[in-house]
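Since the model is a prediction, treat every value here as computed from it, not as a measurement. Any value given below was found using the heavy atoms of this structure, including those in side chains, with hydrogens, waters and symmetry copies removed. Counting starts at 1 for both ligands and their atoms, following the listed order.
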Amino acid sequence: MKYQPVIGLEVHVQLLTDTKIFCGCSTTFGAEPNSQTCPVCLGLPGALPVLNKKVVEFAIKAGLATNCSITPRSIFARKNYFYPDLPKGYQISQFEEPICQHGWLDIQLEGEEPKRIGITRIHMEEDAGKLVHGELSGPGDGSGVDLNRACTPLLEVVSEPDLRSSDEAVSYLKQLHQIVTWLGLCDGNMEEGSFRCDANVSVMPVGAEKYGTRAEIKNVNSFKFVKQAIEYEIQRQIDLIEDGGTVVQETRLYDPNSGKTRSMRSKEEAHDYRYFPDPDLVPLVIGPEWVERSRSELPELPEQRQQRFMADLGLPEYDAQVLTASRGVADYFEAGVAAHGNAKAVGNWIMGEITRGLNDNGLGIDACPVTPGQLAELLKLIDKGTISGKIAKTVFDEMWRSGKSPESIVAEQGLVQVSDTGAIEGIIDEIMAANAGQVEEYRGGKEKVFGFFVGQVMKASKGKANPAVVNDLLLNKLRG
Ligand code: ADP
Ligand code: MG
Ligand code: ZN
């Protein structure tokens, strides 16, 4: 039998606010355990939560950027469960009436039509603390609780079960990641858990109307693992059904070492959590003015910017997509174009040398040692014929290393391109004299030898000879 996988993602997005969602404690990462706590986030009796307005603003922006409607009167609810890292014995979340509902994102896989993926809801909630085992936990080898993370703000973005393959799931996830980082809502660090994903996976016979029973795979912390975990889980469920078994609704954990998922616990249902409206927090009322103000504050989004790069700057689709991968890259590109004008050339350098340099050094575009202005200066030197495209790469490496301007590097190292026909002719004559055999071969019809001569001349000039001039002169001389 053929099976159709069905996938829905729940994504937790840790927000980049300075303070926690219901108290004024700092959210900075890595502080001494329990140093960033107060009666509210410690869950002490009588302490009252006060909603951080910034969290609401971030949630509205996330909602607008994912085509959600903003709920005019949304409610906080208590999600009750017991765990040592949850001091109150409940998590403040939203259940009925989350802040954002009914959104969507369009994904596009290579060679396929765009596909719309529904977003059921986005709600605000507080994170739990963290259990620490071993040394760090204090005297002895026991376990301790660090509540620095308790009460830090999260958005949970829940998709409809509209995804049909691991590739679609990853494409959706990447787009969501791009949007929340683009808007500055989240640092997007998956390894540290700032952007984490639970994947719900089921399979059904192709053509069936009713979805199969799903398993929820918890906290998969890279795009690659999301793909692997989903693929493993699809196959596991198919094998199970083919062997006459049934899939049970449960929570599973993905183990990147084995590439497998394993059962963690049977899945809770909503009623297990005994949700009820939090009596300590009033309903959150968001009027249309607030929504419109937020909408007007939204920056141009990746998709719009990509379209503009294609329409106004004439970039091919691929380039426009790569150059809008992050807001930082898009800003860098536009600054480069403002300073140089040739969008295609600026784009090529960013996608080539700059990306390579950043990757090699593990840097983000914000830390790029070559500024867009300096890149433009370098390109101008190529345009003027002062240096060749090849030498430009050498100059670029030196700019990267020393931070010097391209002009001063070219001057200091004597890298000015030689276009002077006399000088180049001299080199050609020497090379032809030293390689009489190859000259004969060329004249005998073996045109491939031409490349050999170009190479020799470039080498003898240390790459400085103007390649166009070299080509012209060589053709003339070799033809005799
Ligand atoms: P919970 O909060 O208990 O995990 P939800 O109803 O909020 O449950 O659904 C969670 C996720 O599971 C959503 O992303 C939804 O799209 C997805 N989902 C629901 N049913 C299925 C199914 N049969 N197969 C795959 N995913 C599903
Ligand atoms: Mg869930
Ligand atoms: Zn606090």
Numbered atoms and elements of ligand 1 in range of [X], under 4.0 angstrom, heavy atoms:
X	result
L9	14 (O)
E160	16 (O)
E216	4 (O)
V158	13 (C), 14 (O)
V6	24 (N), 25 (C)

Would you check whether [X] has a nitrogen or oxygen atom less than 3.5 angstrom from a nitrogen or oxygen atom of ligand 1?
X	value
G212	yes
Y211	no
I7	no

Consider only side-chain N and O atoms of H340 and D383, and report whether a donor and an acceptor are under 3.5 Å apart.
yes

Pairing donors with acceptors under 3.5 angstrom, does anything connect the side chains of Q307 and E303?
yes

Using a strict 4.0 Å threshold on nitrogen-to-oxygen distance, state whether [X] and [Y] make a salt bridge.
X	Y	answer
E297	R295	no
D106	K115	no
K79	E125	no
R236	E250	yes
R149	D127	yes

How wide is the angle at the Zn ion (ligand 3) between SG in C25 and SG in C23, to the nearest 10°?
110°

Counting heavy atoms only, which of P5, P161, S159 is nearest atom 14 (O) of ligand 1?
S159

How far does CG of L105 sit from CD1 of I119, to the nearest 0.5 angstrom?
4.0 Å

For the Zn ion (ligand 3), does an N/O/S atom of C41 lie at less than 2.8 Å?
yes

